[in-house]
2 protein chains.
Amino acid sequence: MRGTVADDLRRAIVTGDLAPGESLPTEKDLIARYGVSRNTVRSALSALENEGLITSSQGRGRRVRKREPVWIYASRSESHARRRPMGVDSWVDDMRSQGREPRTDIEVAVVHAPVEVSERLKLDNGALVAVRRRTRFADDQPWNLNDSYYPMWLAQEVAAILDPADMTPGLTVHLADHGYVQEYYNDELTCRMPTPEEAQALNIGVGIPVMCHTRTGSTKDGPIRVTITIMPGDRHRLLYEVPA
Amino acid sequence: MRGTVADDLRRAIVTGDLAPGESLPTEKDLIARYGVSRNTVRSALSALENEGLITSSQGRGRRVRKREPVWIYASRSESHARRRPMGVDSWVDDMRSQGREPRTDIEVAVVHAPVEVSERLKLDNGALVAVRRRTRFADDQPWNLNDSYYPMWLAQEVAAILDPADMTPGLTVHLADHGYVQEYYNDELTCRMPTPEEAQALNIGVGIPVMCHTRTGSTKDGPIRVTITIMPGDRHRLLYEVPA
DNA sequence: TAGTGGTCTAGACCACACT
DNA sequence: GTGTGGTCTAGACCACTAG
């Protein structure tokens with residue numbers, strides 16, 4: 001019966017009979033309609049929740065989930081480039097152009113590098129690195145997490161790295177002024193379910209995965225920055241323009 | 001209690017006390033250890049499953065999930081280009097270079113374009129398109145789904161599009177021979193939980209999201225191909241090299 | 001055959017939201 | 001207050017895997 005309940009509701013959702021934002025039947029309704037126990041109904045609804053199709057909140061009932069992704073321009077080909085700098089750092093421009101009000105919280109710290117960072121920066125395991133942790137908001141809702149890691153020798157040379165002020169247009173220019181010109185980025189993308197900490201920080205409901213974007217920026221002499229961005233899948237659409 | 005059980009097990013997994021592939025305590029063990037009911041234990045284990053941390057199979061118990069991602073080279077900058085053609089089409093090369101045996105099943109069809117395809121090909125809603133549906137395998141395991149859509153006028157001009165043979169090195173060369181040279185790709189990336197159909201076709205367990213990669217290829221005159229690739233997150237890592 | 005997880009029932013009490 | 005979902009208990013039977 002669990003399969004039947006879940007299948008019926010799923011069909012109603014994908015066909016649009018149940019529109020985004022609309023309320024689902026209550027548990028009591030479903031118990032009566034299908035003649036099954038409460039646990040069975042809850043198990044079916046839980047499956048839909050974990051598929052990302054519905055939300056659930058105590059006292060208010062369950063709704064069909066809405067999607068409202070924003071575009072993130074991760075790269076532009078030469079012919080399509082605009083005056084703005086490329087990269088996932090153009091958060092403010094991307095948001096404003098989509099009618100959303102951006103905000104960024106920054107904190108800086110010196111930490112032992114996580115292994116995925118030390119590998120990419122070619123540092124010893126556990127070496128100290130400077131990190132700028134950003135929480136980005138759109139219309140005052142937490143939208144994504146964006147942590148940039150720099151080797152300590154660079155943070156000692158470029159003081160702005162450990163300055164918690166929000167840089168406009170970003171540290172890239174500061175770095176270039178000191179002779180560290182990034183020539184290319186190496187982007188890695190995967191996705192997974194969020195950790196409980198990420199889910200809380202980003203206000204992610206059950207059933208929504210995150211994209212993990214790892215950008216390694218290198219000068220001609222080697223890597224100088226690793227940026228890890230955690231983006232809830234229902235709120236982001238990443239765009240690359242690449243030459244054929 | 002559900003929180004306690006799940007938290008304890010999650011901590012053991014992330015710290016490595018429970019290694020990938022290792023068995024978890026049985027439901028009976030956990031019931032005894034925590035003094036809670038079976039439903040409570042199952043609810044906790046179900047949460048871990050939906051976070052992608054563990055697998056579960058009837059009769060065999062639960063294990064800590066293993067990850068074995070493969071690299072997909074989605075773009076290479078000029079300076080790093082190799083002789084092989086770029087794109088997600090270089091499946092065979094990418095797999096062999098990572099010690100895995102690739103295989104591709106292809107079927108072709110003429111269908112009404114899904115809206116996300118007709119939009120990108122600038123066709124009328126519901127227009128007919130030719131589609132080449134691929135299921136890609138690595139070591140005989142289904143690995144990802146890769147569907148390429150072409151406008152009908154193009155399929156009529158380039159007969160190879162509706163030929164179900166596996167093309168080496170792909171249709172891109174055939175198209176170029178007919179004067180359709182793709183100048184750039186527009187890649188869009190997002191992620192979500194798989195549909196039940198995708199989960200079955202790709203043998204995806206509960207708690208594993210998929211990356212959705214939509215590549216639109218355009219000549220100087222406009223878009224001629226849309227390729228949608230569905231990649232389980234635990235088995236793929238997508239790489240872009242982009243100029244700064 | 002024994003032991004595992006999968007499904008299901010029936011009932012209790014709690015926490016939160018709306019009116 | 002009333003109704004919603006969240007948590008929990010106790011017990012039953014089924015389905016699959018392994019020794």
Side-chain angles (χ1 to χ4, degrees), chain A residues 1-10 12-13 18-66 196 199-200 203-208, chain B residues 1-10 12-13 18-66 196 199-200 203-208:
Chain A
M1 285 313 292
R2 163 182 159 187
T4 312
V5 180
D7 288 349
D8 286 357
L9 290 171
R10 188 185 296 108
I13 292 169
L18 280 168
E22 198 171 340
S23 285
L24 269 71
T26 65
E27 294 184 358
K28 219 174 102 182
D29 284 348
L30 294 169
I31 289 166
R33 188 182 308 173
Y34 288 90
V36 295
S37 76
R38 186 170 176 218
N39 272 340
T40 305
V41 164
R42 283 182 60 79
S43 167
L45 291 167
S46 159
L48 297 180
E49 208 181 338
N50 283 308
E51 288 171 31
L53 294 176
I54 66 174
T55 63
S56 176
S57 61
Q58 204 171 33
R60 250 188 331 186
R62 294 182 170 84
R63 310 268 171 108
V64 179
R65 194 184 277 279
K66 294 185 209 175
Q200 193 186 7
N203 200 11
I204 303 179
V206 174
I208 300 295
Chain B
M1 287 313 292
R2 163 181 158 189
T4 312
V5 179
D7 288 349
D8 285 359
L9 290 171
R10 188 184 298 109
I13 292 168
L18 280 168
E22 197 172 340
S23 286
L24 267 71
T26 65
E27 293 184 359
K28 219 172 101 182
D29 285 347
L30 294 170
I31 289 167
R33 188 181 310 175
Y34 289 88
V36 294
S37 77
R38 187 171 175 216
N39 272 340
T40 304
V41 163
R42 284 181 59 78
S43 168
L45 292 166
S46 159
L48 297 179
E49 207 180 341
N50 283 308
E51 288 170 32
L53 295 176
I54 65 173
T55 63
S56 175
S57 61
Q58 202 171 34
R60 245 187 336 182
R62 294 181 169 87
R63 310 269 171 111
V64 179
R65 194 184 277 280
K66 294 186 209 176
Q200 193 187 8
N203 200 10
I204 302 179
V206 174
I208 299 297

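Reminder, nothing fancy here: chain letters follow the sequence lines and each chain counts from 1.
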A.B. asks: Are OP1 or OP2 of dG5(C) and a side-chain N or O of Arg62(B) less than 4.0 angstrom apart?
C.D. replies: yes

A.B. asks: OP1, OP2 of dT7(D) versus side-chain N and O of Thr40(B): anything below 4.0 Å?
C.D. replies: no

A.B. asks: Quick check on dG3(C): is either OP1 or OP2 less than 4.0 Å from any side-chain nitrogen or oxygen of Thr26(B)?
C.D. replies: no

A.B. asks: Taking atom P of dT9(C) as reference, at what distance in whole Å does atom OH of Tyr34(A) sit?
C.D. replies: 14 Å

A.B. asks: Taking atom C1' of dG5(D) as reference, at what distance in whole Å does atom CD1 of Ile54(A) sit?
C.D. replies: 11 Å

A.B. asks: Nearest heavy-atom pair of Ala6(B) and Ala44(B): which atoms, and what distance?
C.D. replies: N-CB, 3.9 Å

A.B. asks: Measure from the side-chain heavy atoms of Glu27(A) and tell me the nearest of dT4(D), dG5(D), dG5(C).
C.D. replies: dG5(D)

A.B. asks: Minimum heavy-atom separation for Pro20(A) to Arg65(A), with atom names?
C.D. replies: CB-O, 4.0 Å

A.B. asks: Atom NZ of Lys28(A) to atom C1' of dG6(D): distance rounded to whole Å?
C.D. replies: 17 Å

A.B. asks: Can you list every stem that DNA chain C is part of, counting only runs of 3 or more consecutive Watson-Crick or G-U wobble pairs with both distances under 3.5 Å?
C.D. replies: C:1-18 with D:1-18

A.B. asks: Minimum heavy-atom separation for Arg63(A) and Gly21(A), please, with both atom names.
C.D. replies: CD-O, 3.2 Å

A.B. asks: As a quick check of understanding, evaluate side-chain contact (heavy atoms from CB on, under 4.5 Å) for Leu30(B) and Leu9(B), giving each step before the final call.
C.D. replies: CA-CA 10 Å; Leu30(B) 294 170; Leu9(B) 290 171; 4.1 Å; yes

A.B. asks: Rounded to whole angstroms, how far apart are CD on Glu49(B) and P on dG5(C)?
C.D. replies: 11 Å

A.B. asks: Quick one: which of Leu45(B), Leu18(B), Leu48(B), Val64(B) gives a side chain to side chain contact (heavy atoms under 4.5 Å, CB included) with Leu53(B)?
C.D. replies: Leu48(B)

A.B. asks: Glu27(B) and Arg62(B): salt bridge (charged side-chain N to carboxylate O under 4.0 Å, His left out), yes or no, with the steps?
C.D. replies: CA-CA 9 Å; Glu27(B) 293 184 359; Arg62(B) 294 181 169 87; 3.2 Å; yes

A.B. asks: Quick one: is Ser57(A) getting a side-chain N or O under 4.0 Å of the dT4(D) phosphate, OP1 or OP2?
C.D. replies: no

A.B. asks: Decide yes or no for Val206(B) and Ser56(B): does some side-chain heavy atom of the first lie under 4.5 Å from some side-chain heavy atom of the second?
C.D. replies: no

A.B. asks: What does the B/S/- profile of nucleotides 11-19 of chain D look like, 5' to 3', with a 4.0 Å heavy-atom cutoff to protein?
C.D. replies: -B--BBSS-

A.B. asks: Give the rounded distance in Å between these two atoms: CZ of Arg42(B) and C1' of dT7(D).
C.D. replies: 16 Å

A.B. asks: Compare all side-chain heavy atoms of Tyr34(B) with those of Thr40(B) and state whether any distance is below 4.5 angstrom.
C.D. replies: no

A.B. asks: Within this structure, what is the CD-CD1 distance for the pair Glu49(B) and Ile208(B), rounded to the nearest 0.5 Å?
C.D. replies: 10.0 Å

A.B. asks: Which nucleotide wins on minimum distance to the side chain of Ser37(A), given the candidates dT9(D), dT7(C), dC8(C)?
C.D. replies: dC8(C)

